[in-house]
Trainee: 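Have a look at this one before I ask anything.
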Amino acid sequence: MSVSTNMIAEGELRLRLDRFQWWALAAGGLGLFLSLAAWSLWPEQFWPSYLVAYVFWVGLALGCMGLTMLHHLVGGSWGLVVRRPMESGGMTLLPLALLFVPLALGLSQLYPWARPEEVAHDPQLQHKSLYLNVGFYLVRTVGYFVIWLVFASVLNRLSSDQDRRADHRPSGKLQWLSGPGLVLLFLTGTFSAIDWLMSLEPHWSSTIYGCLVIVGEALATLAMMIAVVVFLSADQPMAEATTPDRLNDLGNLMLTFTILWAYMSFMQYLIIWCGNLPEEIPWYLRRTRGGWQWVALALSLFHFFLPFFVLLFRESKRQSRLIVQVAILVLAMHWVDLIWLVVPASSDPASPRIPWVELPLSLVAMLGIGGLCTAFFIGHLKGRPLIPLNDPHLNEVIEHAGGLGQR
Amino acid sequence: MTHRDPESDSAAEASPVLAPGHTYGTVTDKISALVLVRPYNWRWFLGLGVGFALTMMLLLAITVLLVHGVGIWGVDVPVMWGFAIVNFVWWIGIGHAGTLISAILLLLKQDWRTSINRFAEAMTLFAVACAGLFPLLHLGRPWVFYWLLPYPNTMALWPQWRSPLIWDVFAVSTYATVSLLFWYVGLIPDLATLRDRAKNRWAGYIYGFLAMGWRGSARHWHRYRTAYLLLAGLATPLVVSVHSVVSLDFTVAILPGWHSTIFPPYFVAGAIFSGFAMVVTIAVPLRAAYGLHDFITTRHLENMAKVMLATGLIVAYGYLMEAFTAWYSHDPYERFVQLANRPFGPYAHTYWMMLTCNVFIPQLLWFRSVRTSALGLWVLAFFVNIGMWLERYVIVITSLHRDFLPSSWAMYHGTVWDYATYYGTLGLFLSLMFLFIRFLPVISISEMRELVHETEQDQERRAEQLSTEGTVS
Amino acid sequence: MKAAPAPTGPYGLMAEFDRPDDLVEATRRAYEHGYRMMEAYTPFPVDGLAEALGFRHNRIGAVVLIGGVAGGLGGFFMQWFSAVIHYPVDIGGRPFNSWPAFIPITFEMTVLFAALAAVVGMLGLNGLPRPHHPVFNVPRFALASRNRFFLCLQARDPLFDAEGTFRFLEESQPKAISVVPF
Amino acid sequence: MPQIFHPSANTLSRLTLFGMAVGPLGLLIVSYLLIRSPYQTGVRVIREQPVPFSHEHHVGGLGIDCRYCHTSVETSSFAGLPPTHTCMTCHSQIWSTSPMLEPVRTSLAMKQPIVWTRIHNLPDFVYFNHAIHIQKGIGCVSCHGRVDKMPITWKEEPLTMEWCLECHRHPERHLREKREVFNMEWAPPVPEQLEIGRHLIEREHIEVDRLTNCSVCHR
């Protein structure tokens, strides 16, 4: 692999990126416009859809940050090709922070604890109002974004610094920062999952919930990064950097997180199923009846079994076409997973139904937020070398790549 | 070749996984000499003697137990799970590091595993053996232990598959079997080395018998490597499943403080945490006593310290989530256990000691100077060992001694026999460890040779690259 | 298996090398020359050596897969049969087919049988245990588990003839060549 | 130290491994067979009694009804062993000097019941009730075998839990009309037994599902 070029997207790749960015921007604009229309027409059905799409894209941004810091800590050749896309992915938190503003308007539509008339009749919610109230919720959310944005920009700035320097001081700082950063990210990720998702059903709680959401986000991020890397590697300069070994490494990571996701999901289910307590089991009753059981089955088949069996085999991780198909499947199923987590929340556990009307709404919101984020992501990615040029581990990684395939 | 790379300022370069200057021959000779040449010395006898004496105490405690029943222990309503379960979970947890180090690090291609995997695996086996004793003894009638297994009996009865205690039987016995297989398969080439180098006729027979006629054929190595890698791939999820199942013993019960969904991952992390602490506890004196500084380098210590830091933080996250969710859920029972009884109840001192050992002290591992100091790390690992025992004590006792019915609240204390059994298993563990050190290679010889080979290749490649870069510029 | 040749002749010729690369090179040469009945012996797994011998696919993966599938299906069937068919007992109102509760043991049985299949398969396909083997008759072969690398061309190969093969081996410049007696 | 083993070691080591794999399996099979053999269950094992009482003679030969001696079998959990007086209703008249019956006469004189060696003995944790079995139509033969053909009484069935459950799971295979319960010779017309059994289950309100509940026998 040659490191002689400056690795900035040029030529054919640049053209493709420009085109994609334009389409994404157009899709985002259209999606947001339609979302606005949907909101005015069906406000109650719209907010859960918007929340699903919003958490999907925030999750990807957080996953990018987390995996970047993980790579700074443990190294490994897998991170080399995805570091820059991940850094840019972290920066999409900037538009996402703005996109939270409409959500803040719809809190009372989403959360039972934000509806004073409901709280008045519910002693449980009155007890919990110390934590679950609109003001504190917004303060916490602002706090998460401040922390995330500070970390995202520091990660980017130091990484860009490194490109221009011969010594490894920025890399050292990055490594130093990543330990505490990861701890902080894990905590804020957990609490944002509790605030945004778990409190949709304020009577229910599960200690693994934060972990479960974070693992799902990391898995989706890996899938997205595989798709991005394969997209980029169709042209120079990334074509040379993306070897089957790299895809293999990323595929292995995706396999690991697929297993972790299935493990945590199943453990939560098993414990609550065995316990069968009235304050816990309704959460699953809502999600395993009235059509939702088929969604749950689809999740276990296509969020776990199918990717698991495909990724189990070495050869399938080394073919870019196949692994991209798996990655897109995982991304789609992550979206279905979020729908499964969010949408049934407001239903009656005795007779939940799949509200099919929300499906197009959800697609519209996905398009709007996703288009905007993607456009921002590409814009950020275009301006920088696609590979961290002066990373101290770069040489090591290149050397290692030769030996990897033989094991 | 002693060519120094100009880029070699990263930590990985500064402390290699193998001290320079070793060849295939020297690693083979040095490690096999530990078994074949080194004469018995007083230190070894002293260690074995202490272990043996404690093992005798264990046998005494077990005999008394068999004669009198579990009444000699401190268990009684409402705390019917006392030391036996605490010790079981503690030992099983320790038993996690060995197979995990071997398997996961092999899959992750971490070459620093090579010099610690063998004795870590042995540690796993011995720890699982100690762990297995406790539930069996706790049965009350240990001699009918086979009732736990599904077999065609005249009562036409089957185990209760919905009970996590039966899951435990399968998980622990599978884990013991797979760990043994993994360990033994790893040992085969080394047993062949010992067979070929044995001076003593009987040693030759015994090692030769165990080596099964291994002759290092290329085709054999090919299948061997695949099988070993697949075993590692199987062992990794197995390790995770075993402690998850152990955690389900608690979570499936609907007791406050037990019925918590974070338990499986947090128990697994805790197990790795305590397991690595035990590896450090053994590795540091071992390398001092046998001069293994070349093989167990500072890099190993630092890496183990990093794993301990990471898993310790996950454990702390588990404590935090339990406490927060208790507060958040507003469940009065959960709140009482998590926010009143544990931190401020009659066992508060245990709880705070646990937090000190498991959460506060391990934060020192953020400092590189602590991570690279053998003595400092050893002391810290000791605290973790204690802390993880206390964690299980807190979980088991504080949830039981104040359950839903205040009229049956009571205190629990271990009796002399509880302590005798616990220290007895420590002795059993110690004895087995000392016997292992004496009779089997503590470091994988064949993998060490492979490491020498890879190191040489790396150096050659680096030298080549350097020379070509030189000509370009 | 063909019947062993007359016990009077040698088992084969064995060349000894210092470096793994030399052994791989010599093996490749022998294979290209047409030798098939041969085996290389090393103190640790050497990359590319089995391939140089013309050995590419081992069947361990398939064996393990079969073992795992058998263990998993068997494990679930055992629980399902005993809890649903043979002695259904109502415990705490849970369904007879409590499949979530059956998963842990199903998983353990999958791993157990796959692991047993891996070890038994590895030993079986390798023809182990075999404590006695003609190659051990060469005294220097003890170094095969230390720091030497051996290539043994067997007498049952049609191309084998004591002198010609000896000369052929010499061309690879081994450290030593020894006759392997039966 | 090469070649330390004789060629026979190859066979030996393989046999050892084979033994390690097959040995436990063999042990399992042996114990399975042993535990169901008369050695463990006592089926058809002759036990010495103080008086060699022959059911063959009394039931088969003389045609005495079961209930003549086992008086409480229809109403109580315990079938009842006859007091010495019952024996004496006849044996004060016939065989009154037979040395074989000496223990019976002693028992009467000393007012001490005869101590029989028990043949059918269930563990204390099993609750068994004769009455319900008789009332619902389980023939004596089903559990005790052809007592009318036993010169000295033996156990015909193993009385293991497995054996009990076989009938509790499928009572239709063994039920008979109440009038035939004490009939030693009644054998079901083979193809119709299941039909008869199902009919009786319905008529007698036997809830088969609950017959295998733990608390039916373990109270």
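Residue numbers begin at 1 in each chain, while the letters A, B, ... track the order of the sequences.
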Trainee: Can you tell which part of T28(B) gets under 4.5 Å to a heavy atom of chain C, answering side chain, backbone, both or neither?
Mentor: side chain
Trainee: What part of F96(C) gets closer than 4.5 Å to chain B, counting heavy atoms only: side chain, backbone, both or neither?
Mentor: both
Trainee: To the nearest 0.5 Å, how far apart are CG in N58(C) and OH in Y224(B)?
Mentor: 14.0 Å
Trainee: Using heavy-atom distances under 4.5 Å, tell me whether P237(B) contacts chain C through its side chain, its backbone, both, or neither.
Mentor: both
Trainee: Atom CD1 of I60(C) and atom CG of L229(B): how far apart are they, to the nearest 0.5 Å?
Mentor: 12.0 Å
Trainee: Pick whichever of E447(B), R215(B), M448(B), M212(B) has the most heavy-atom pairs under 4.5 Å with chain C.
Mentor: R215(B)
Trainee: Is it the backbone or the side chain of L123(C) that comes under 4.5 Å from a heavy atom of chain B, or both, or neither?
Mentor: side chain
Trainee: How many angstroms lie between CE in M122(C) and CG in L230(B), if you round to the nearest 0.5 Å?
Mentor: 11.5 Å
Trainee: Which region of I445(B), side chain (C-beta onward) or backbone (N, CA, C, O), has a non-hydrogen atom less than 4.5 Å from a non-hydrogen atom of chain C, or is it both or neither?
Mentor: neither
Trainee: Please flag which part of V63(C) lies under 4.5 Å from any non-hydrogen atom of chain B: side chain, backbone, both or neither.
Mentor: neither
Trainee: Is L238(B) close to chain C through its backbone or its side chain, or both, or neither, when contacts mean heavy atoms under 4.5 Å?
Mentor: both
Trainee: Less than 4.5 Å apart, side chain to side chain, heavy atoms only: is that true for R59(C) and T226(B)?
Mentor: no
Trainee: What distance do D47(C) atom CG and E454(B) atom CD have between them, rounded to the nearest 0.5 Å?
Mentor: 7.5 Å
Trainee: Looking at side-chain heavy atoms only, is the closest gap between D196(B) and R146(C) below 4.5 Å?
Mentor: no
Trainee: Measuring heavy-atom distances to chain C, does L234(B) have an atom under 4.5 Å in its side chain, in its backbone, in both, or in neither?
Mentor: both
Trainee: If you measure from NE2 on H222(B) to CG on N126(C), what distance do you get to the nearest 0.5 Å?
Mentor: 11.5 Å
Trainee: Taking side chain as C-beta onward, heavy atoms only, is L112(C) less than 4.5 Å from T177(B)?
Mentor: yes
Trainee: Between M78(C) and W161(B), is any pair of side-chain heavy atoms under 4.5 Å apart?
Mentor: yes
Trainee: Please work out whether the ring planes of W158(B) and H86(C) are parallel, tilted or perpendicular, with thresholds of 30° and 60°.
Mentor: perpendicular
Trainee: Check whether P43(C) gets within reach of chain B through its side chain, its backbone, both or neither, counting any heavy atom under 4.5 Å.
Mentor: both
Trainee: In this structure, are over 12 heavy atoms from other groups packed under 6.0 Å from R36(C) atom CZ?
Mentor: yes
